[in-house]
Amino acid sequence: MEPMEIRIVMPFDPAFHDPTSVAATERCCSQHGKDYCDQPPVASVYYPPNGRVSACAKALHGIIDDALSKFTQQQ
């Protein structure tokens with residue numbers, strides 16, 4: 001399994017994202033999708049394989065939990 005690098009930028013920074021992305025233009029949680037989440041993003045995250053996403057608090061917890069589970073599987 002390839003090592004995975006996750007970068008978290010807090011607070012949310014629209015400049016971290018592609019200027020035409022939903023994360024940058026609409027400032028919504030792109031991890032869940034604007035149609036499914038009405039919470040504001042709290043962080044910008046580089047999260048392979050999803051790329052750069054904006055994350056509400058719940059999404060950020062999920063990303064961290066997922067990364068920790070993958071890390072412990074590699075050990």
Side-chain angles (χ1 to χ4, degrees):
M1 182 183 288
E2 296 267 334
M4 180 174 58
E5 178 183 352
I6 295 175
R7 283 179 264 155
I8 300 172
V9 176
M10 290 182 77
F12 167 72
D13 182 4
F16 183 77
H17 304 275
D18 177 318
T20 61
S21 69
V22 170
T25 59
E26 299 191 26
R27 297 181 184 213
C28 65
C29 175
S30 64
Q31 176 67 11
H32 288 139
K34 67 179 183 173
D35 294 335
Y36 301 101
C37 184
D38 62 356
Q39 298 299 307
V42 296
S44 298
V45 183
Y46 173 72
Y47 179 52
N50 297 354
R52 292 180 184 221
V53 298
S54 53
C56 68
K58 185 176 180 179
L60 182 59
H61 283 280
I63 290 168
I64 292 169
D65 287 346
D66 183 52
L68 288 172
S69 72
K70 289 176 182 174
F71 177 75
T72 56
Q73 290 173 1
Q74 290 179 359
Q75 302 258 326

| task | Could you identify which residues cluster with Y46, counting Ile, Leu, Val, Met, Phe, Trp and Tyr as linked when any side-chain heavy atoms lie under 4.5 Å apart, either directly or through a chain of such contacts? | result | V9, F16
| message | Strictly distance-based, threshold 3.5 Å: is any side-chain N or O of S30 a donor or acceptor partner for the main-chain N or O of V53? | response | no
| Connected via hydrophobic side-chain network under 4.5 Å: V42 and I6 | yes
| Nearest non-hydrogen partners of P41 and C29, listed with the distance | CD-N, 4.3 Å
| note | Contacts satisfying side-chain hydrogen bond (donor to acceptor under 3.5 Å, both in side chains) that involve residues 8-20 (not counting sequence neighbours) are H17-S44, D18-T20
| task | Determine, stepwise, if the pair C56 / H32 fulfils side-chain contact (heavy atoms from CB on, under 4.5 Å). | result | CA-CA 8 Å; C56 68; H32 288 139; 3.5 Å; yes
N/O donor to acceptor pairs below 3.5 angstrom from side-chain atoms of residues 58-68, sequence neighbours left out:
{"unit_1": "D66", "atom_1": "OD2", "unit_2": "Y47", "atom_2": "OH", "d": "2.3"}
{"unit_1": "D66", "atom_1": "OD2", "unit_2": "K70", "atom_2": "NZ", "d": "3.1"}

| Please, which pairs that meet salt bridge (Lys or Arg N to Asp or Glu O under 4.0 Å) have at least one residue in residues 26-39, sequence neighbours excluded? | E26-K34
